[in-house]
Amino acid sequence: MSEKGSKKRVKEDSSEDEGSADKAKFFDLGKNKRVSINQFKGVHYVDIREFYTDKSGETKPGKKGIALNEEQWNELKRQMADIDALLPSSGSSKEKPTKKEKKGKKEKPEKEEEDDE
């Protein structure tokens with residue numbers, strides 16, 4: 001995780017009613033993505049969701065997202081190191097192909113210099 005992504009950025013949702021004592025708090029992930037804790041039928045969920053701005057300028061939750069109950073959230077956290085190890089940025093040997101490789105235009109391999117000594 002980059003330094004920027006590791007900083008806690010907790011914000012209060014200003015779209016809640018002014019009189020509401022319990023304003024929704026969320027973590028901004030950037031690019032209109034947020035993480036928040038919600039409760040539904042007595043169960044707490046970690047909600048990771050994409051938001052959009054409607055025509056009136058109000059920020060609203062979109063359809064794209066996932067809500068994990070506490071058990072699922074804890075399982076995801078338990079597997080985080082294994083997930084990180086699979087990301088190319090972590091130095092894993094399984095790197096994603098470049099755009100050229102995906103299109104069948106493989107990059108020419110660099111020639112190794114021979115040592116004539």
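Remember, predicted model here, so these are calculated numbers, not experimental data. The analysis underlying the following values was restricted to heavy atoms, covering all of them including side chains, and did not include hydrogens, waters or symmetry mates.
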Pairwise distance [atom1]([X]) to [atom2]([Y]) - rounded to 0.5 angstrom:
X	Y	atom1	atom2	answer
Lys77	Glu70	NZ	CD	9.0 Å
Lys31	Glu50	NZ	CD	11.0 Å
Leu68	Trp73	CG	CH2	7.0 Å
Tyr45	Gln39	OH	CD	10.0 Å

Would [X] and [Y] show up in the same hydrophobic cluster when neighbours are defined by side-chain heavy atoms closer than 4.5 Å?
X	Y	answer
Leu29	Tyr52	no
Val43	Ile48	no
Val35	Phe40	no

Subject >> Shortest non-hydrogen separation from Ser36 to Phe26 and the atoms involved >> reply: CB-CB, 4.0 Å

Subject >> Taking every non-hydrogen atom, the tightest pair across Asp47 and Arg49 >> reply: OD1-NH2, 3.0 Å

Subject >> Validation row: Ile37, Val46 side chains within 4.5 angstrom (heavy atoms) >> reply: yes

Subject >> Flag side-chain contact, heavy atom, 4.5 Å: Thr59 against Arg34 >> reply: yes

Subject >> Within 6.0 angstrom of Gln79 CD, more than 12 heavy atoms from elsewhere >> reply: yes

